[in-house]
Q: 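What follows is a single structure, and I will ask about it in a moment.
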Protein chains: 2
Amino acid sequence: MRSNAIKSEDWLAELDESGIRVTAIQEMLIDIFAHSEYPLSTEQAWDIARQSRPKTGRATVYRMVEKLENLGLIRRLHGYQGCSHFVPTLPGLMMLFICLDCGRADYLESQPLDHLIQQSEDTSGHHITDSRLQLYGICATCQQGA
Amino acid sequence: MRSNAIKSEDWLAELDESGIRVTAIQEMLIDIFAHSEYPLSTEQAWDIARQSRPKTGRATVYRMVEKLENLGLIRRLHGYQGCSHFVPTLPGLMMLFICLDCGRADYLESQPLDHLIQQSEDTSGHHITDSRLQLYGICATCQQGA
DNA sequence: ACTCTATTGAGACATGGTATCAATAAGAAA
DNA sequence: TTTCTTATTGATACCATGTCTCAATAGAGT
């Protein structure tokens, strides 16, 4: 399974550029999301944050998650655990596979999706501005294990 | 935009086969979902149901929506209004377009998606059992109107 | 160090959805 | 038709998730 090679520094740079004041909590939350092996819900991220910084407020974490999602740095998983979990975004990769066994997420090459969208736009006449494709199943690793 | 030609009778037949006791409320809810021009949330369906049957319970509607979703008769929209709205399913069509202007949903031909999934399975080694593709934008009709 | 302002934390609040349980109604049997 | 059995229903209490408010705090520039 592809390792999600996210650099916390890149995120911080993007946050900085967006005019958002970068604080210690924000760095911590970025680290938590960027380095988690599994998709995280906001509540889970809050739990983790409080392990090293007990007085972290709940609203703070929700606010940060919203910012990170709006900046496109994390991405919400749909159709899984009530649509409340997030994974780091990988630039240019839109197709996300979620293993129903181990729960890990994996990005797949998405040029074919671009073609599909172009084609759908042409035949339907709709103007497509955004897309969301998620695939579910059993990942290659879990298939071997079983 | 494609008219969603759902037959309430077909749904009732499916419910019947599934061993679920078909009641008056269920017929009403099927009608509500099958004939709505727009995606409906459970709460909205409840509101509509109470217009003609005021003592309809909230839990009853939630239970029915769950059943209809499990039977594959309605489908949840993701990334729109908090993932809480549903549209009737059209058999064989998996690609759903949602107009961000008028809010209507439209199914698109999905053979290309089948190919894409097959291809992704081959290259990734994952076993893909389910997929969810949603497209967002401005529908052909709303483009003309604007 | 001081000022200004965005961010934070605490807790109240709102919303969406679930659990419980007595009352009801559907369908089978008599 | 009446009775019996059982799934479904409605009312309400409950819970989880997420939002709002506002005083306290801490960054960043001066």
Side-chain angles (χ1 to χ4, degrees), chain A residues 11-33 39-71 73-86, chain B residues 11-33 39-71 73-86:
Chain A
W11 288 25
L12 289 170
E14 279 214 50
L15 272 175
D16 210 25
E17 283 170 29
S18 76
I20 292 167
R21 183 178 292 178
V22 178
T23 63
I25 305 97
Q26 302 197 352
E27 290 190 33
M28 162 171 294
L29 283 169
I30 287 172
D31 253 33
I32 288 169
F33 276 106
L40 291 179
S41 69
T42 309
E43 295 284 323
Q44 288 173 332
W46 186 35
D47 288 343
I48 296 172
R50 276 181 300 171
Q51 283 170 19
S52 47
R53 205 165 159 293
K55 68 195 173 92
T56 303
R58 194 222 277 249
T60 305
V61 180
Y62 274 92
R63 282 185 287 240
M64 262 306 284
V65 165
E66 196 186 353
K67 279 179 199 163
L68 293 176
E69 192 185 9
N70 288 341
L71 286 169
L73 297 175
I74 60 175
R75 174 174 159 177
R76 185 184 295 270
L77 296 188
H78 288 281
Y80 172 79
Q81 302 277 346
C83 306
S84 59
H85 287 232
F86 296 85
Chain B
W11 289 24
L12 288 170
E14 279 214 50
L15 272 176
D16 210 25
E17 282 170 29
S18 76
I20 292 168
R21 185 178 290 179
V22 178
T23 64
I25 305 98
Q26 303 197 350
E27 290 190 34
M28 161 171 295
L29 283 170
I30 286 172
D31 253 33
I32 288 170
F33 276 107
L40 291 179
S41 68
T42 310
E43 296 283 324
Q44 288 173 331
W46 185 37
D47 287 343
I48 296 172
R50 276 181 300 173
Q51 284 170 17
S52 47
R53 206 165 158 293
K55 69 194 172 96
T56 303
R58 196 223 278 245
T60 305
V61 180
Y62 274 90
R63 281 184 288 239
M64 262 308 284
V65 165
E66 195 187 354
K67 278 179 200 163
L68 293 175
E69 191 185 10
N70 288 341
L71 286 169
L73 296 175
I74 60 176
R75 175 176 158 175
R76 185 184 296 268
L77 296 187
H78 289 282
Y80 173 80
Q81 303 275 345
C83 306
S84 60
H85 287 232
F86 295 84

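Residue numbers begin at 1 in each chain, while the letters A, B, ... track the order of the sequences.
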Q: Can you tell me how far P of D/dA28 sits from CD of A/Q26, to the nearest Å?
A: 10 Å
Q: Please name all residues satisfying side-chain contact (heavy atoms from CB on, under 4.5 Å) with B/I25, sequence neighbours left out, ordered by chain then number.
A: B/T23, B/L29, B/R53, B/T56, B/T60
Q: Quickly work out the A/M64 CE to C/dA6 P distance and round it to whole Å.
A: 17 Å
Q: How would you summarise protein contacts on nucleotides 10-16 of chain D per nucleotide, using B for base, S for sugar-phosphate only and - for none, with heavy-atom distances below 4.0 Å?
A: BB-----
Q: Holding to side-chain contact (heavy atoms from CB on, under 4.5 Å), I want the full list of residues that pass it with A/Y62, two or more places apart in sequence or in another chain.
A: A/T42, A/E43, A/R58
Q: Less than 4.5 Å apart, any side-chain heavy atom of B/F33 and any of B/I74?
A: yes
Q: Rounded to whole angstroms, how far apart are CD on A/E43 and P on D/dT19?
A: 11 Å
Q: For A/R76, give me all partners under salt bridge (Lys or Arg N to Asp or Glu O under 4.0 Å), at least two apart in sequence or on another chain.
A: A/E69
Q: Once you round it to whole Å, what is the distance between P of D/dT17 and CG of A/D47?
A: 10 Å
Q: Note the angle between the end axes of the helix from C/dA1-D/dT30 to C/dA30-D/dT1, five pairs defining each, rounded to 10 degrees.
A: 30°
Q: Does any non-hydrogen side-chain atom of A/H85 lie less than 4.5 Å from one of A/Y80?
A: yes
Q: Taking CH2 from A/W46 and P from C/dT8, how many angstroms apart are they, rounded to a whole number?
A: 15 Å
Q: Is the phosphate of D/dT9 approached by B/T23 (side-chain N or O, under 4.0 Å from OP1 or OP2)?
A: yes
Q: On the nucleotide D/dT19, are OP1 or OP2 found under 4.0 Å from the side-chain N or O atoms that A/Y62 carries?
A: no
Q: Mind checking salt bridge (Lys or Arg N to Asp or Glu O under 4.0 Å) for A/R63 and listing every partner two or more places apart, or none if nothing turns up?
A: none
Q: Hey, does B/Q81 have a side-chain heavy atom less than 4.5 Å from the side chain of B/S41?
A: no
Q: Can you find a pair of side-chain heavy atoms, one from A/I30 and one from A/L73, that are under 4.5 Å apart?
A: no
Q: Rounded to the nearest Å, what distance is computed from the CD1 atom of residue A/I30 to the P atom of nucleotide C/dT7?
A: 13 Å
Q: In whole Å, I'd like the distance from the NZ atom of A/K67 to the P atom of C/dA6.
A: 11 Å
Q: Would the distance check show the side chain of B/E27 and the main-chain N or O of B/A24 forming a donor-acceptor pair, the cut-off being under 3.5 Å?
A: no
Q: Rounding to an integer number of Å, can you tell me how far B/L40 CG sits from C/dG16 C1'?
A: 16 Å
